[in-house]
Amino acid sequence: MEQKQEGVLVVLSGFSGSGKGTIVKELLNRRGTSYALSVSATTRLPRTGEKDGREYFFKTREEFEKMIEKNELIEYALYVENYYGTPKAYVKEQLGAGKDVILEIEIQGASRVKEKFPDALLLFVTPPDAPTLKARLKGRGTEDCKTIEARLSRAEEEAMYIADYDYLIVNDDLDACVEEVHSIIQNEHQRVCRKQEFVNRIKEELKRISKGEQSV
Ligand code: ADP
Ligand code: 5GP
């Protein structure tokens with residue numbers, strides 16, 4: 001029997017307010033056993049309802065810089081004046097256990113992950129149009145006007161990097177979008193480069209069968 005395949009490292013990026021968090025939450029609700037969500041560290045303040053260790057590990061700037069020094073992060077980036085980073089240990093452990101690990105991170109982090117893990121699957125989430133993005137950001141009600149403007153302006157910069165991603169996910173109908181993300185990730189498991197053990201086995205069997213061995 002083949003060994004359990006290592007999980008797929010999935011990077012989900014997208015404009016702030018495009019619906020990344022909503023998609024991931026729904027994906028985990030529906031298919032929780034296949035996935036592990038990496039919880040990032042950040043220096044931004046918790047939003048109402050956010051809990052330390054659930055949405056993020058909330059850190060002071062000093063604590064975050066210690067994590068950088070101790071090489072505890074796969075990647076980190078500054079995003080609109082705050083640090084965000086992916087703790088290394090959990091990601092490695094979950095990939096090894098065969099889970100598909102989701103990193104919900106911005107574009108600079110995504111590019112570092114791709115350098116370190118060339119097989120990572122990069123998905124970029126966008127709303128159907130820009131006015132919808134603004135409406136969703138405002139509608140979420142978690143940021144003041146100044147922060148919303150900064151995030152929209154950051155979105156304009158981020159749009160220049162969409163071509164670096166493998167798939168574009170248009171989050172219009174949430175239900176369809178979640179199923180689409182799930183099926184893209186599942187298809188990724190079928191890539192030949194992830195099936196080396198299977199390929200080697202069947203080559204070996206074919207060699208033996210063509211030699212007329214009975215035991216195959
Ligand atoms: P992000 O994590 O990308 O910043 P969120 O998941 O917080 O974005 O979504 C931003 C807002 O848009 C939230 O209020 C969320 O409920 C809403 N939203 C997300 N997806 C959809 C969708 N497909 N249709 C309508 N509203 C959505
Ligand atoms: P928010 O403050 O809305 O939770 O996140 C702001 C941005 O930071 C989002 O684009 C989110 O994907 C990104 N982000 C969250 N965690 C990480 C991380 O660990 N590393 C990087 N590079 N970006 C992150």
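Counting convention: from 1, in listed order, for ligands and their atoms alike.
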Colleague: Check Arg154 against ligand 2 and report side chain, backbone, both or neither, counting heavy atoms closer than 4.0 Å.
Modeller: neither
Colleague: Check this for me, if you would: do Glu55 and Lys25 make a salt bridge, where the nitrogen-to-carboxylate-oxygen distance has to be below 4.0 angstrom?
Modeller: no
Colleague: Mind running salt bridge (Lys or Arg N to Asp or Glu O under 4.0 Å) on Glu143 and Arg47 for me, showing each step along the way?
Modeller: CA-CA 9 Å; Glu143 274 88 11; Arg47 293 179 185 139; 2.7 Å; yes
Colleague: For Ser18, is the nearest heavy atom under 4.0 Å from an atom of ligand 1?
Modeller: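 Within the 4.0 Å threshold, so yes.
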Colleague: At a non-hydrogen distance cut-off of under 4.0 Å, which region of Arg47 contacts ligand 2 (side chain, backbone, both, or neither)?
Modeller: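 For Arg47, the contact with ligand 2 is made by the side chain alone.
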Colleague: Looking only at heavy atoms, is any part of Tyr84 under 4.0 Å from ligand 2, and if so is it the side chain, the backbone, or both, or is it neither?
Modeller: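 For Tyr84, backbone and side-chain atoms both sit under 4.0 Å from ligand 2.
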Colleague: Among all protein heavy atoms in this structure, tell me which lies nearest to atom 9 (C) of ligand 2, with the distance rounded to 0.1 Å.
Modeller: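 Result: Lys20 CE, 4.2 Å.
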Colleague: Would you kindly specify which portion of Asp172 sits under 4.0 Å from ligand 1, judged on non-hydrogen atoms: side chain, backbone, both or neither?
Modeller: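 Looking at Asp172 and ligand 1, just backbone atoms fall under 4.0 Å.
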Colleague: Give me the nearest non-hydrogen protein atom to atom 23 (N) of ligand 2 as residue plus atom name, then the distance to 0.1 Å.
Modeller: Glu106 N, 3.1 Å
Colleague: If you count the atoms of ligand 1 from 1 in the order shown, which ones are under 4.0 Å from a heavy atom of Phe15?
Modeller: 3 (O)
Colleague: Which heavy atom of Ala155 sits nearest a heavy atom of Phe15, and at what distance?
Modeller: O-CE2, 3.3 Å
Colleague: Less than 4.0 Å between a side-chain N and a carboxylate O, is that true for Lys207 and Glu213?
Modeller: no
Colleague: If you define the side chain from C-beta out and look only at heavy atoms, does anything of Tyr35 sit under 4.5 Å from Val101?
Modeller: no
Colleague: Looking only at non-hydrogen atoms, which of Glu26, Arg140, Lys25 approaches atom 13 (C) of ligand 1 most closely?
Modeller: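 The option holding the nearest heavy atom is Arg140.
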Colleague: Geometry only, no angles: is Ala77 polar-contacting ligand 2 at N/O separations under 3.5 Å?
Modeller: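 N/O-N/O distance below 3.5 Å does not exist for this pair.
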Colleague: What pair of heavy atoms forms the shortest contact from Arg151 to Leu137, and how long is it?
Modeller: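 Closest approach of Arg151 to Leu137: CB-CD1, 4.3 Å.
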Colleague: For atom 10 (C) of ligand 1, what's the nearest protein heavy-atom neighbour? Residue, atom name and distance, please.
Modeller: Gly17 O, 3.6 Å
Colleague: Does any N/O atom on Ser40 come nearer than 3.5 Å to any N/O atom on ligand 2?
Modeller: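 Yes; the residue has a nitrogen or oxygen that sits under 3.5 Å from a nitrogen or oxygen of the ligand.
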Colleague: With the threshold set at under 4.0 angstrom, would you say Arg44 reaches ligand 2 through any of its heavy atoms?
Modeller: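 Arg44 counts as a contact of ligand 2 under the 4.0 Å cut-off.
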Colleague: Whether Glu50 and Arg44 form a salt bridge (side-chain N of Lys/Arg under 4.0 Å from carboxylate O of Asp/Glu) is what I want to check.
Modeller: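 Yes, this pair counts.
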Colleague: Does even one non-hydrogen atom of Tyr56 get within less than 4.0 Å of ligand 2?
Modeller: yes
Colleague: Heavy-atom contacts with Gly109 under 4.0 Å: which atoms of ligand 2 show up? List them by number with element.
Modeller: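 Close to Gly109: 22 (N).
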Colleague: Can a non-hydrogen atom of Ser16 be found less than 4.0 Å from any atom of ligand 1?
Modeller: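 Yes, Ser16 has a heavy atom closer than 4.0 Å to ligand 1.
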Colleague: Taking Leu95 as the starting point, is it possible to reach Leu12 by hopping between hydrophobic residues whose side chains are less than 4.5 Å apart?
Modeller: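 No, separate clusters.
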Colleague: Out of all atoms in ligand 1, which are within 4.0 Å of some heavy atom of Leu174? Include the element for each.
Modeller: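 Within the 4.0 Å cut-off of Leu174, ligand 1 contributes 23 (N).
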Colleague: Ignoring hydrogens and angles, state whether a donor on the side chain of Asp100 or Ser34 is under 3.5 Å from an acceptor on the partner side chain.
Modeller: no
Colleague: Rounded to the nearest 0.5 Å, how far apart are CG of Leu121 and CG of Asn187?
Modeller: 10.0 Å
Colleague: Gly85 heavy atoms, cut-off 4.0 Å: which ligand 2 atoms fall inside?
Modeller: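 Near Gly85, meaning under 4.0 Å from one of its heavy atoms, ligand 2 has 18 (C), 19 (O), 20 (N).
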Colleague: Would you confirm whether Lys20, through its side chain, and Gly14, through its main-chain N or O, come within 3.5 Å as a donor-acceptor pair?
Modeller: yes
Colleague: For atom 18 (N) of ligand 1, which protein heavy atom lies nearest, and how many Å away is it?
Modeller: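 For atom 18 (N) of ligand 1, the nearest protein heavy atom is Arg136 CD, 3.9 Å.
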Colleague: State, to 0.1 Å, how close Arg112 and Tyr76 come at their nearest heavy-atom pair, and which atoms those are.
Modeller: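 Shortest heavy-atom contact: NH1-O, 2.7 Å.
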Colleague: Any salt bridge linking Glu205 with Arg201? Criterion: basic side-chain nitrogen under 4.0 Å from a carboxylate oxygen.
Modeller: yes
Colleague: Check this for me: does any side-chain nitrogen of one of Arg154 and Glu157 sit under 4.0 Å from a carboxylate oxygen of the other?
Modeller: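 Salt bridge flag = yes for Glu157 with Arg154.
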Colleague: At what distance is the nearest protein heavy atom to atom 20 (N) of ligand 1, and which residue and atom is it?
Modeller: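 In this structure, atom 20 (N) of ligand 1 has Asn171 ND2, 3.0 Å as its nearest protein heavy atom.
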Colleague: Among all the protein's non-hydrogen atoms, which is closest to atom 20 (N) of ligand 2, and how far away is it?
Modeller: Glu75 OE2, 2.7 Å
Colleague: Going by heavy atoms, is Glu55 under 4.0 Å from ligand 2?
Modeller: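 The answer is no, since Glu55 has no heavy atom less than 4.0 Å from ligand 2.
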Colleague: Starting from atom 2 (O) of ligand 1, which protein heavy atom do you reach first, and at what distance in Å?
Modeller: Gly21 N, 2.9 Å
Colleague: Would you say that more than 12 heavy atoms from the other residues, nucleotides or ligands in this model lie under 6.0 Å from the NZ of Lys134, or not?
Modeller: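 Atom NZ in Lys134 is not crowded, with 12 or fewer foreign heavy atoms closer than 6.0 Å.
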Colleague: Between the candidates Thr132, Leu12, Thr22, which shows the shortest non-hydrogen contact distance to atom 5 (P) of ligand 1?
Modeller: Thr22
Colleague: Around atom 12 (O) of ligand 2, find the nearest protein heavy atom and jot down its residue, atom name and distance.
Modeller: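 Result: Glu104 O, 3.2 Å.
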Colleague: Can you tell me which residue among Val125, Leu123, Ile185 is in a side chain to side chain contact (heavy atoms under 4.5 Å, CB included) with Tyr167?
Modeller: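 Exactly one option meets the side chain to side chain contact (heavy atoms under 4.5 Å, CB included) with Tyr167, and it is Leu123.
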Colleague: Measure the distance from atom 8 (O) of ligand 1 to every protein heavy atom, then report the residue, atom name and distance (to 0.1 Å) of the closest one.
Modeller: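 For atom 8 (O) of ligand 1, the nearest protein heavy atom comes out as Gly19 N, 3.1 Å.
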Colleague: Would Tyr76 count as a polar contact of ligand 2, with the cut-off being nitrogen or oxygen pairs under 3.5 Å?
Modeller: no
